[in-house]
Amino acid sequence: MIAIVDCNSFYAACERLFKPSLHGKPVVVLSNNDGCIVSRSDEAKALGIQMAGPYYQHKKEIEKNKVAVFSSNYNLYGDISWRVMETLRILSPEVEVYSVDESFLDLGGIEENKLQEYALFVKHTTELWTGIPVSIGIAPSKVLSKVANKLAKKNKVATGGVMILQTPEQQKEALQNTPVADIWGIGGASVKKLALYHINTGWDLRNMSEGWARKNLGGVVGVRLIKELRGEPCIEMKDQLETKKMIGTARMFGKPVYEMQDLREAVATYISRVAEKLRRQSSAAKTITVFLVTNDYSQTYAYKPATSSLYTILPVATSLTHVLIAHAMPLVEGLYRKGSKYLKAGVLLSDIVPDGAVQFNLFQKPSLQSEKKLMAMIDNVNYGMRHDLIKFAGAGTKRNWKMRQEHSSRCFTTRWTE
DNA sequence: TCTGGGGTCCTAGGACCC
DNA sequence: TCTGGGGTCCTAGGACCC
């Protein structure tokens with residue numbers, strides 16, 4: 001059996017940890033740049049505030065209902081997430097961290113009649129040690145465990161936050177009560193398609209044939225989904241040591257920018273971030289993509305962002321920030337059009353290889369040990385102090401493009417000064 | 001005036017090889 | 001009038017997740 005442990009309203013719960021007066025009150029957390037609502041406490045959900053809705057559209061009702069508003073504080077959420085996952089790793093032999101607020105547990109070693117007891121133990125211990133409430137769904141496959149989790153969350157009082165789908169009858173009932181849109185792996189495009197076939201619940205979908213799924217539901221992806229719904233596990237527990245195949249950073253600007261210099265600084269800053277992430281997993285990258293997002297039709301009040309991108313392939317894979325910056329700047333220059341209004345920029349590293357196995361090039365000098373040492377020093381200082389205490393001059397100092405964060409809480413658990 | 005960020009997996013189709 | 005078979009690699013783009 002597989003369990004999924006999912007933190008309830010995770011970001012909102014983190015903010016409440018350090019402001020206990022907000023327990024039982026509506027709380028929302030905004031995305032970067034204070035753009036969208038990305039986390040809501042139950043009380044905020046009850047007010048009808050939609051997930052991923054633009055903040056400014058809800059501002060009136062938020063103020064009227066005295067909803068507590070927070071900008072996103074990823075230092076805080078990252079650290080609390082780490083505490084939750086460490087707790088799960090202590091309580092359970094095999095943990096796959098799936099996202100910042102969710103982990104799958106392999107319960108292969110637990111006797112089937114002890115599952116309920118075990119799940120309650122995990123839930124209570126996690127909540128006691130970290131202060132973050134969680135819900136747990138257990139079933140023979142990952143997709144069914146997600147179904148169970150959703151039902152546990154929906155009926156917290158009746159289920160105690162734990163739901164187990166063990167017997168075929170339990171699975172049938174659960175799927176009959178689950179709209180197809182709530183199934184893990186079914187997104188907006190599929191919901192529309194399924195409606196044409198009068199497939200409305202998880203149970204309807206479960207009863208379709210594999211041949212039908214192969215033809216109409218994304219090929220092998222659809223087949224796997226049907227099998228998982230029938231309780232036949234097809235999505236394996238993932239090895240946590242796998243390295244990322246793409247690493248990217250992209251940000252909306254606090255306000256639109258028009259000058260190439262601002263774009264160059266922003267891109268150099270983002271390169272510094274991705275290079276850090278790259279070094280953290282001991283990799284090097286061979287391909288850099290830079291993209292810029294414009295909105296040139298604002299006279300009509302239409303929000304129609306357009307993305308343009310360029311990439312370059314390096315002669316030798318690297319993780320040195322200054323080398324990556326040097327290769328990224330010409331891409332910015334190639335993309336820039338004077339007079340355009342830029343909303344966002346981003347960089348993406350791909351063709352990622354282990355740093356110890358970089359294929360050298362006859363005509364290029366490999367990175368010097370001293371350069372690698374320099375990177376390690378910079379990472380160390382920035383990790384211990386503040387993430388941009390040491391930075392490259394190309395990243396600029398004025399930061400005209402810096403994102404808006406008007407409701408930020410402090411980094412309670414990661415900065416002594418705060 | 002204002003709409004996030006970071007990923008994965010898969011397929012179709014083009015280009016190319018012998 | 002008629003024009004093979006078997007394969008690889010790459011890219012763009014779709015769909016999805018939280």
Side-chain angles (χ1 to χ4, degrees), chain A residues 4-11 28-40 50-60 71-74 77-78 81 96-104 142-143 146 149-150 153 180-194 213-225 234-236 238-239 242-256 270 273-274 277-278 281 287 289 291 293 295 298-305 307 309 311 313 341 343-352 403-406:
Chain A
I4 178 112
V5 181
D6 191 325
C7 303
N8 301 340
S9 309
F10 181 57
Y11 294 172
V28 298
V29 178
L30 307 178
S31 64
N32 269 341
N33 225 23
D34 294 347
C36 292
I37 293 160
V38 291
S39 180
R40 307 158 296 158
Q50 290 301 307
M51 184 65 172
Y55 171 48
Y56 73 94
Q57 285 178 6
H58 288 281
K59 213 164 177 172
K60 265 197 182 147
S71 300
S72 36
N73 181 346
Y74 293 110
Y77 312 149
S81 168
E96 175 195 336
V97 177
Y98 174 68
S99 75
V100 69
D101 69 335
E102 282 173 60
S103 273
F104 288 105
K142 282 187 170 178
V143 170
K146 296 277 285 185
N149 188 278
K150 203 141 223 167
K153 255 187 184 172
V180 82
D182 284 353
I183 302 283
W184 189 47
I186 297 293
S190 302
V191 170
K192 266 189 206 155
K193 200 164 181 185
L194 292 174
R214 190 181 303 279
K215 203 163 146 231
N216 298 293
L217 210 60
V220 299
V221 184
V223 175
R224 259 199 317 246
L225 182 61
C234 298
I235 306 174
E236 300 291 312
K238 219 172 150 189
D239 186 349
E242 275 174 36
T243 51
K244 297 217 160 74
K245 298 165 187 166
M246 285 160 78
I247 295 179
T249 285
R251 296 269 181 288
M252 295 285 298
F253 300 132
K255 53 182 193 237
Y270 303 163
R273 289 252 44 223
V274 289
K277 295 187 205 169
L278 191 64
Q281 65 166 43
T287 301
T289 306
F291 62 91
V293 179
N295 188 20
S298 60
Q299 299 87 336
T300 62
Y301 298 107
Y303 179 70
K304 245 200 254 170
T307 305
S309 70
Y311 70 89
I313 299 174
K341 173 172 155 185
L343 302 182
K344 175 179 182 174
V347 299
L348 193 66
L349 301 181
S350 47
D351 260 337
I352 290 177
M403 70 188 178
R404 254 196 323 267
Q405 282 191 309
E406 293 171 359

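In this text the structure is predicted, and so the values were computed from the model without any measurement. In the text below, chain A, chain B and the rest are named by the order of the sequence lines, each starting its count at 1.
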Worksheet entry | Minimum-distance nucleotide to C36(A) side chain [options: dG4(B), dC16(C), dT11(B)] | dG4(B)
Response to the item:
Scanning all shown strands, the Watson-Crick or wobble mate of dT11(B) with both distances under 3.5 Å is dA12(C)
Worksheet item: With a 4.0 Å cut-off on heavy atoms, is Y98(A) in touch with a base, just the backbone sugar-phosphate, or nothing at all?
Response: sugar-phosphate
Worksheet item: Whom does dC18(B) pair with, Watson-Crick or G-U wobble, provided both distances fall under 3.5 Å?
Response: dG5(C)
Worksheet, complete the sentence: Here the gap from I37(A) atom CD1 to M51(A) atom CE, rounded to the nearest 0.5 Å, amounts to 9.5 Å
Worksheet item: Do K146(A) and E102(A) come close enough that some side-chain heavy atom pair is under 4.5 Å?
Response: yes
Worksheet item: Taking atom P of dC2(B) as reference, at what distance in whole Å does atom NE2 of H58(A) sit?
Response: 18 Å
Discussion item. With a cut-off of less than 4.0 Å, is there a side-chain N or O of R224(A) near OP1 or OP2 of dC10(B)?
Written reply: yes
Practice prompt. Compare side-chain N and O positions of K193(A) against OP1 and OP2 of dA15(C) and report whether any pair is under 4.0 Å apart.
Written response: no
Worksheet item: Should the ring pair W184(A) and F104(A) be called parallel, tilted or perpendicular, given that the plane angle runs from 0 to 90° and is split at 30 and 60?
Response: tilted
Worksheet item: Would one find more than 12 heavy atoms of other residues, nucleotides or ligands at under 6.0 Å from atom NZ of K277(A)?
Response: yes
Worksheet item: Where the side chain of A189(A) is concerned, which of dC18(C), dG5(B), dC16(C) is the nearest nucleotide?
Response: dC16(C)
Worksheet item: For G346(A), which contact category applies under a 4.0 Å heavy-atom criterion: base, sugar-phosphate, or nothing?
Response: nothing
Worksheet item: How would you label the contact of K245(A) with the nucleic acid (heavy atoms, under 4.0 Å): base, sugar-phosphate, or nothing?
Response: sugar-phosphate
Worksheet item: Within the pair R251(A) and dG6(B), is there a side-chain N or O less than 4.0 Å away from OP1 or OP2?
Response: yes
Practice prompt. On DNA chain B, check which nucleotide each of E242(A) and Y11(A) is closest to and give me the residue with the more 5' one.
Written response: Y11(A)
Practice prompt. Please round to the nearest 0.5 Å and tell me the distance separating atom CE of M403(A) and atom CG of N32(A).
Written response: 3.5 Å
Worksheet entry | Nearest-0.5 Å distance that lies between atom OG1 in T287(A) and atom CG in L348(A) | 9.5 Å
Discussion item. Need one value for N33(A): base, sugar-phosphate or nothing, where a base atom within 4.0 Å counts as base even if backbone is also close, heavy atoms only.
Written reply: nothing
Worksheet item: K59(A) NZ to dC2(B) C1': how many Å, rounded?
Response: 9 Å
Worksheet item: When you match Y55(A) and V221(A) each to their closest nucleotide on DNA chain B, which lands nearer the 5' end?
Response: Y55(A)
Discussion item. Using a heavy-atom cut-off of 4.0 Å across all strands, would you classify I247(A) as base, sugar-phosphate, or nothing?
Written reply: sugar-phosphate
Worksheet item: Base, sugar-phosphate, or nothing for L225(A), non-hydrogen atoms under 4.0 angstrom?
Response: nothing
Fill in: Distance in angstrom units between K192(A) NZ and dA15(C) C1', rounded
13 Å
Worksheet item: Looking for any heavy atom pair under 4.0 Å, which part of the strands does V220(A) touch: base, sugar-phosphate only, or nothing?
Response: sugar-phosphate
Fill in: For atom CZ of R404(A) and atom C1' of dC2(B), their distance in whole Å
6 Å
Fill in: K146(A) vs dC17(C): side-chain N/O to OP1/OP2 distance below 4.0 Å
no
Item to complete: Starting at atom CZ of F253(A), determine the distance to atom C1' of dT1(B), rounded to an integer number of angstrom.
Response: 17 Å
Worksheet item: Are any of T249(A)'s side-chain N or O atoms less than 4.0 Å away from OP1 or OP2 of dG5(B)?
Response: no
Worksheet item: Expressed in angstrom and rounded to an integer, what is the separation of Y74(A) atom OH from dG6(B) atom C1'?
Response: 10 Å
Practice prompt. Would you indicate what D101(A) reaches in the nucleic acid, counting non-hydrogen atoms under 4.0 angstrom: base, sugar-phosphate, or nothing?
Written response: sugar-phosphate
Worksheet item: If you check the S190(A) side chain, which of dA15(C), dT8(B), dC18(C) turns out closest?
Response: dA15(C)
Worksheet item: Can you check the N216(A) CG to dC10(B) P distance for me, whole Å?
Response: 18 Å
Worksheet item: In Å, rounded to the nearest 0.5 Å, how long is the span from CE of M252(A) to CG of N33(A)?
Response: 6.0 Å
Worksheet item: Among the nucleotides dC2(B), dG5(B), dC17(C), which one has an atom lying closest to any side-chain atom of Y56(A)?
Response: dC2(B)
Fill in: Length of the CG-C1' vector between D182(A) and dC18(C), whole Å
14 Å
